[in-house]
Structures are given as C-alpha cells and as structure tokens.
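We use all heavy atoms of the structure for the numbers below, so side chains are in, but hydrogens, waters and symmetry mates are not.
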Amino acid sequence: MEKSFTKGQLTMGRLYIISTALLWGLAGVCVKSIPWNSISIMAARCGIGIIMFAVLRKSFRIRFNKYTLFGAVMMSITGILYMMAIKLSTAATAIVLQYTAPIFVFLYSVIFQKRKARISETLIVFLVFGGCLLSFLDELDPTRLLGNVLGLLSGVSFAAQIIGFSDKRADSNDGMYLSNIISFVVCMPFMFFDKNMAFSAEIIFWVLVLGVFQYGLANIFYARGCQRINKIETSLLLTIEPVFNPIPVLLVNKEFPGPLAVAGFVVVITGITLYALLPVIEKKKKKV
C-alpha cells in the first residue's frame with residue numbers, strides 16, 4: 001500500500017534521501033580501512049547506531065508491528081551481506097550489485113502486484129543484469145565471486161527493505177532502531193573470535209566515522225526520507241551512493257576495480273537511470 005505525499009514532504013524527503021546516499025557512500029572507505037572482519041565491523045557500527053537512535057527518540061523502548069519488523073530484518077540482512085561483500089570484493093562492485101534494488105522492486109510489482117510490464121522496462125531489466133554479469137566476470141577467483149554473489153543478494157534484501165518501509169503500516173523510524181538492535185545482537189558475539197581485532201587511533205577514527213556518520217546519521221535521514229517519498233523514487237535517488245562510493249576508496253585505499261567491473265558499473269548505473277527517466281519520458285509523450 002503506497003502513501004500519498006504533499007509537495008513539501010516530497011522536497012524534504014528528497015533532501016533526506018540524497019544526504020543519506022552521500023553518507024552511505026562512505027561505507028567502502030571505512031570498511032576497507034578497518035582490519036576487523038565484516039561481522040565485527042557491523043556490530044560496532046550498529047552499537048553506535050543504537051545509542052544515536054535512542055538519544056534521538058529519548059527512549060530505549062522498542063515499538064514495532066509485523067510490517068516494521070519485516071523492514072527491520074531486511075535492513076539487517078542487507079547491512080550484513082553488504083559488509084561481507086565489501087571485504088571479499090571491491091567496494092565499487094559490492095555497491096553497484098546492491099543497487100540492482102530498483103529492478104528487484106520492479107520485478108516484485110510485476111510478479112506479486114500484477115503490474116503490467118512495459119517493453120522498455122523489460123529491456124532495462126536485461127540491461128541491468130547484463131551489467132551485473134560483467135561485474136561477476138571481472139575476476140573469477142572464488143573469494144571475489146563469493147563477494148559478488150553476496151553483493152547481489154544484498155540488492156535483493158535491499159529491495160525488500162524499501163518495499164517493507166514504504167508500506168503505510170510500517171514505521172521506518174522504529175524499523176531503523178530495531179534493525180540496529182537485531183544486527184548488534186546477532187553480530188556482537190563474533191567480535192570475541194575476531195583474529196584481526198586491534199585498536200589504534202586510526203582504527204577508532206574510521207569506526208566512529210562509520211558508526212556516527214555513515215550509519216547512524218544516514219539512517220536517521222533515511223527513516224525520515226522514506227516517510228515522505230515513494231519506494232521507487234527512494235531507490236532511484238539512492239543511486240547517488242554507488243557513483244560516490246568508489247571515489248573515497250580510490251583516494252584513501254588506492255583500490256580500483258578491473259575493466260569488466262567498471263564496464264558493469266557503467267551499464268548498471270545507466271540502466272537504473274533510464275528506468276528513473278521512463279515516467280518523465282512517457283509523461284512528455286502524452287503531452288505531445
């Protein structure tokens with residue numbers, strides 16, 4: 001069930017989601033700069049997220065229904081899969097595979113909501129998944145391939161997260177808070193068995209950037225944005241993240257994906273952008 005929005009809500013919603021995309025785009029450089037395993041990193045950033053959300057809410061109390069719980073669980077799964085994908089693959093490949101989410105949202109609406117697919121949309125779906133295939137073929141060693149699979153699965157769960165929080169019966173603010181709690185409880189025990197666990201001023205700096213800005217503040221913006229714009233526009237505005245994400249990683253960690261991965265990146269972003277422009281193009285055609 002979709003929500004209806006006023007013009008003011010749409011404007012603020014877009015600003016919140018754009019800010020979210022830029023902050024989320026710091027994930028690659030943070031994760032690559034912290035030597036811990038991906039599950040430990042997830043536990044740390046969610047622990048900080050819990051505190052930030054509790055302060056904002058002025059309460060540690062958890063409130064949710066089954067719709068909010070679904071969105072929260074999907075967000076937790078998305079975060080864990082994404083953290084693992086960054087560690088096992090390049091940050092650029094991991095994020096572009098996650099951002100197949102709009103296509104999965106589209107497929108959901110066609111298969112389960114019986115929406116009639118247009119030829120243009122179908123062609124874009126094939127284009128996007130062609131881009132994903134290029135990313136998979138970049139380096140076919142087992143570790144990189146596993147990272148790519150996890151990145152694509154995070155795209156599926158991200159789509160489910162967007163769908164869940166766009167339902168008017170879900171509360172995305174409560175969902176964000178609950179997601180942090182779920183992820184922290186699940187991931188925290190793994191920190192005690194992390195052989196790479198170490199602390200230094202540099203590591204603590206990146207952990208704080210990850211927890212306070214990339215995750216805590218970004219998710220507060222995301223929760224507010226989801227309440228003001230629909231799931232399709234949310235998923236499309238968030239494609240700012242994969243464009244920005246590789247830049248800090250390249251500057252700080254000197255990581256650059258292979259040629260096939262770059263080609264796949266361009267194809268996927270192009271496909272998703274075309275998908276975003278379809279309603280505008282069709283509206284102009286009707287006016288003509």
Side-chain angles (χ1 to χ4, degrees), residues 1-28 71 74-75 78-79 82 91-92 94-109 115 120-121 124-125 127-128 131-132 151 154-168 170-173 175-176 179 213-248 265-284:
M1 297 175 67
E2 295 285 345
K3 302 174 183 180
S4 58
F5 311 98
T6 66
K7 188 175 181 180
Q9 286 176 322
L10 288 171
T11 300
M12 285 305 301
R14 287 163 185 154
L15 289 174
Y16 278 130
I17 296 301
I18 290 170
S19 299
T20 297
L22 293 174
L23 290 172
W24 275 354
L26 297 173
M74 289 301 105
M75 185 175 184
T78 299
Y82 180 47
I95 189 60
V96 78
L97 290 173
Q98 185 186 70
Y99 272 83
T100 54
I103 301 303
F104 289 116
V105 171
F106 162 71
L107 292 175
Y108 169 83
S109 67
R115 174 187 166 189
S120 56
E121 291 175 321
I124 289 173
V125 168
L127 179 65
V128 169
C132 291
S154 73
V156 177
S157 59
F158 190 20
Q161 170 189 326
I162 293 169
I163 293 168
F165 284 145
S166 294
D167 192 299
K168 71 176 185 179
D171 188 313
S172 53
N173 279 301
M176 299 299 117
S179 173
F213 296 100
Q214 190 277 330
Y215 199 62
L217 187 59
N219 285 342
I220 290 171
F221 288 160
Y222 177 68
R224 293 178 178 179
C226 282
Q227 293 178 326
R228 292 168 172 82
I229 59 177
N230 63 55
K231 61 179 179 289
I232 297 294
E233 188 169 7
T234 296
S235 63
L236 294 172
L237 283 176
L238 288 175
T239 56
I240 294 170
E241 181 189 354
V243 176
F244 173 69
N245 186 294
I247 298 173
F265 178 93
V266 173
V267 169
V268 170
I269 297 302
T270 300
I272 292 173
T273 302
L274 288 173
Y275 183 71
L277 293 174
L278 280 180
V280 178
I281 294 171
E282 291 181 350
K283 189 175 181 179
K284 287 185 177 180

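- Taking each heavy atom of Ala92 and Pro246 in turn, the nearest pair found is CB-CG, 3.7 Å.
- A 4.5 Å side-chain heavy-atom check between Tyr16 and Ser19 finds every atom pair outside the cut-off.
- The CD1 atom of Ile240 sits 10.0 Å away from atom CD1 of Ile17, with the distance rounded to the nearest 0.5 Å.
- Judged purely by atom type and a 3.5 angstrom limit, Thr100 uses its side chain to pair as donor or acceptor with the backbone of Leu97.
- For Val156, the side chain to side chain contact (heavy atoms under 4.5 Å, CB included) partners two or more places apart in sequence, or in a different chain, are Phe104.
- The two residues Pro248 and Gly25 make their nearest non-hydrogen contact at CG-O, 4.3 Å.
- Smallest separation of non-hydrogen atoms from Ala101 and Ala159: O-CB, 3.5 Å.
- Aromatic ring orientation, Trp24 versus Phe158: perpendicular (interplanar angle above 60°, classes split at 30° and 60°).
- The OG1 atom of Thr270 sits 7.0 Å away from the CG atom of Leu127 when rounded to the nearest 0.5 Å.
- Annotation for Ser154 and Thr78: closest pair O-CG2, 3.8 Å, computed over non-hydrogen atoms.
- Here the straight-line distance linking atom OG1 of Thr20 with atom CD of Gln214 works out to 10.5 Å at 0.5 Å rounding.
- Annotation: salt bridge (charged side-chain N to carboxylate O under 4.0 Å, His left out) contacts involving residues 9-22, sequence neighbours excluded, comprise Arg14-Glu233.
- Here CD of Gln98 is found 7.0 Å from OG of Ser157. Values are rounded to the nearest 0.5 Å.
- Between atom CZ of residue Phe221 and atom CG of residue Leu23 there is a gap of 6.5 Å, rounded to the nearest 0.5 Å.
- A search for side chain to side chain contact (heavy atoms under 4.5 Å, CB included) contacts involving Ile269 returns Val96, Pro242, Val243, Phe265, Thr273, not counting sequence neighbours.
- Other residues, nucleotides and ligands contribute over 12 non-hydrogen atoms within 6.0 Å of the CZ atom of Phe244.
- Note that the CE atom of Met176 and the CZ atom of Arg224 stand 12.5 Å from one another [nearest 0.5 Å].
- Of all heavy-atom pairs spanning Ser179 and Tyr215, the tightest one is OG-OH, 4.2 Å.
- Considering every non-hydrogen atom in both Ala170 and Gly164, the closest pair reads CB-O, 3.4 Å.
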